[in-house]
Amino acid sequence: MKLFLTGYMGSGKSYIGKILARELSIPFIDLDDQIVKMQGTTIPDIFKERGEIFFRKLETEVLKDILENKNSMVVALGGGTPCYGSNLDLIKNDIQSRIIYLKASVNFLTERLYAEKDSRPVISHLDQKGDLEDFIRKHLFERSYYYLQANQIINVEEKLPGLIVEEIMRDLQ
């Protein structure tokens, strides 16, 4: 079984993924971390030097490698992964895979991301909180079509990580 965590940046995919993997005693993979290892450079540098399209192609390559692996694992996708090319279909067509959407509101994500925007290449140029909020609102609108195709949708706001993991695991039984 492969559990793919999806959702907008800042929704807790990596954090929740690590806890979930530990609870299930299976490996955790962060798609972005795999790309960093493969390229030997940071995501912001990949964006700056090669651009988003190059990054998205790498993302698809790594995703395909993960899907070919027959082992169980928890995978944190990048926020845009399911929205690019055929990535969502690749996951949905894999009978061992399940997609879990960690859902959060624009306000929640704005508050969470504003403090760490400099480390996020897609939003690092947004200096005003209002601009960040507008950016997130636009992206959530565009991406909701993809996110809402998940097998399970978990609202992550006002919940401790352990409760989120419990909700995910309860639905797996």
Side-chain angles (χ1 to χ4, degrees), residues 1-36 43 55-56 59-60 62-63 66-67 72-94 96-117 119-124 126 129 132-173:
M1 164 179 53
K2 290 184 188 73
L3 302 175
F4 289 91
L5 301 181
T6 192
Y8 201 72
M9 71 177 118
S11 62
K13 299 178 297 291
S14 296
Y15 190 76
I16 297 299
K18 289 174 188 171
I19 297 169
L20 180 60
R22 189 170 52 244
E23 287 293 317
L24 294 170
S25 300
I26 59 177
F28 169 75
I29 293 176
D30 184 295
L31 198 68
D32 285 346
D33 288 349
Q34 292 297 107
I35 292 169
V36 167
I43 302 287
F55 172 79
R56 295 297 176 197
E59 200 174 45
T60 300
V62 174
L63 178 61
I66 288 169
L67 288 166
S72 293
M73 62 185 77
V74 175
V75 181
L77 297 173
T81 306
C83 312
Y84 182 79
S86 61
N87 290 346
L88 182 61
D89 288 335
L90 289 171
I91 299 168
K92 287 175 62 176
N93 291 333
D94 184 84
Q96 294 182 333
S97 296
R98 180 173 179 77
I99 305 169
I100 301 154
Y101 171 29
L102 301 182
K103 185 177 181 183
S105 70
V106 173
N107 290 339
F108 178 87
L109 293 168
T110 301
E111 291 303 317
R112 182 174 273 187
L113 290 170
Y114 189 70
E116 56 187 64
K117 69 180 185 61
S119 65
R120 308 251 187 192
V122 178
I123 60 171
S124 60
L126 301 169
K129 198 179 246 185
L132 176 61
E133 183 178 337
D134 290 343
F135 184 88
I136 293 168
R137 186 177 314 283
K138 175 184 178 287
H139 272 113
L140 275 182
F141 176 76
E142 293 169 349
R143 294 177 177 186
S144 65
Y145 168 79
Y146 303 96
Y147 292 160
L148 292 173
Q149 292 184 53
N151 302 100
Q152 183 180 13
I153 299 171
I154 305 280
N155 187 327
V156 298
E157 292 183 45
E158 309 303 323
K159 291 181 185 169
L160 294 172
L163 181 60
I164 295 166
V165 169
E166 282 178 27
E167 275 188 62
I168 293 168
M169 291 180 61
R170 197 170 34 246
D171 200 53
L172 296 175
Q173 297 173 352

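Note that this is a predicted model, so its numbers are computed, not measured.
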Between the side chain of Ser97 and the main-chain N/O of Asn93, is any donor-acceptor distance below 3.5 Å?
->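 No, the answer is negative, given that no donor and acceptor are paired below the 3.5 Å cut-off.
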State which residues pass ring-ring contact (aromatic ring centres under 6.0 Å, His included) with Phe55; sequence neighbours excluded, sorted by chain then number.
->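 Phe55: ring-ring contact (aromatic ring centres under 6.0 Å, His included) contacts with Phe47.
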Partners meeting ring-ring contact (aromatic ring centres under 6.0 Å, His included) with Tyr147 (sequence neighbours left out) =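 Result, ring-ring contact (aromatic ring centres under 6.0 Å, His included) vs Tyr147: Tyr101.
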To the nearest 0.5 Å, what is the distance between [atom1] on [X] and [atom2] on [Y]?
{"X": "Ile99", "Y": "Leu5", "atom1": "CD1", "atom2": "CG", "answer": "10.5 Å"}
{"X": "Leu102", "Y": "Gln152", "atom1": "CG", "atom2": "CD", "answer": "9.0 Å"}
{"X": "Phe135", "Y": "Leu126", "atom1": "CZ", "atom2": "CG", "answer": "6.0 Å"}
{"X": "Leu140", "Y": "Ser11", "atom1": "CG", "atom2": "OG", "answer": "9.5 Å"}
{"X": "Phe4", "Y": "Lys13", "atom1": "CZ", "atom2": "NZ", "answer": "14.0 Å"}
{"X": "Leu77", "Y": "Asn87", "atom1": "CG", "atom2": "CG", "answer": "8.5 Å"}

Where at least one partner belongs to residues 97-109, residue pairs that pass salt bridge (Lys or Arg N to Asp or Glu O under 4.0 Å), sequence neighbours excluded |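 Listed once each, the pairs are Arg98-Asp171.
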Scan for salt bridge (Lys or Arg N to Asp or Glu O under 4.0 Å) pairs involving residues 138-150, sequence neighbours excluded, and state none if there are none.
->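 Non-adjacent pairs meeting salt bridge (Lys or Arg N to Asp or Glu O under 4.0 Å): Lys138-Glu142.
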With sequence neighbours excluded, tell me which residues meet side chain to side chain contact (heavy atoms under 4.5 Å, CB included) with Glu133.
->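 So Glu133 forms a side chain to side chain contact (heavy atoms under 4.5 Å, CB included) with Val106, Asn107, Thr110, Arg137.
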Residues which pass side chain to side chain contact (heavy atoms under 4.5 Å, CB included) with Glu111, listed by chain and number, not counting sequence neighbours =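 Glu111: side chain to side chain contact (heavy atoms under 4.5 Å, CB included) contacts with Lys129.
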Identify the two heavy atoms, one from [X] and one from [Y], that lie closest to each other, and give their separation to 0.1 Å.
{"X": "Pro82", "Y": "Gly79", "answer": "CD-O, 3.9 Å"}
{"X": "Met9", "Y": "Leu109", "answer": "O-CD2, 3.5 Å"}
{"X": "Gly10", "Y": "Phe108", "answer": "O-CE2, 4.4 Å"}
{"X": "Thr60", "Y": "Tyr84", "answer": "OG1-CD2, 3.7 Å"}

Could you list the residues that satisfy side-chain hydrogen bond (donor to acceptor under 3.5 Å, both in side chains) with Glu23, not counting sequence neighbours?
->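 So Glu23 forms no side-chain hydrogen bond (donor to acceptor under 3.5 Å, both in side chains) with any residue.
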Could you list the residues that satisfy side-chain hydrogen bond (donor to acceptor under 3.5 Å, both in side chains) with Arg112, not counting sequence neighbours?
->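 Counting only residues at least two positions away or on another chain, Arg112 forms no side-chain hydrogen bond (donor to acceptor under 3.5 Å, both in side chains).
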Side chain to side chain contact (heavy atoms under 4.5 Å, CB included) assessment of Val75 paired with Ile91 | CA-CA 11 Å; Val75 181; Ile91 299 168; over 6 Å; no
For a 4.5 angstrom cut-off between non-hydrogen side-chain atoms, does [X] reach [Y]?
{"X": "Thr6", "Y": "Thr81", "answer": "no"}
{"X": "Ile66", "Y": "Leu31", "answer": "yes"}
{"X": "Val62", "Y": "Ile29", "answer": "no"}

Residues which pass salt bridge (Lys or Arg N to Asp or Glu O under 4.0 Å) with Asp33, listed by chain and number, not counting sequence neighbours |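 Checked Asp33 against salt bridge (Lys or Arg N to Asp or Glu O under 4.0 Å); zero matches.
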Non-neighbouring partners of Lys2 that pass salt bridge (Lys or Arg N to Asp or Glu O under 4.0 Å), sequence neighbours left out |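 Salt bridge (Lys or Arg N to Asp or Glu O under 4.0 Å) check on Lys2 returns nothing, list empty.
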List the atom pairs, donor and acceptor, that lie under 3.5 Å between side-chain atoms in residues 14-21 and the rest of the protein, sequence neighbours left out.
| residue | atom | partner | partner atom | Å |
| --- | --- | --- | --- | --- |
| Ser14 | OG | Asp30 | OD2 | 2.3 |

Just list the side-chain donor-acceptor pairs under 3.5 Å for residues 156-167, sequence neighbours left out, or say none.
| residue | atom | partner | partner atom | Å |
| --- | --- | --- | --- | --- |
| Glu157 | OE1 | Ser105 | OG | 3.3 |
| Glu157 | OE2 | Ser105 | N | 2.5 |
| Glu157 | OE2 | Ser105 | OG | 2.8 |
| Lys159 | NZ | Asn155 | O | 2.8 |
| Lys159 | NZ | Glu167 | OE2 | 2.7 |

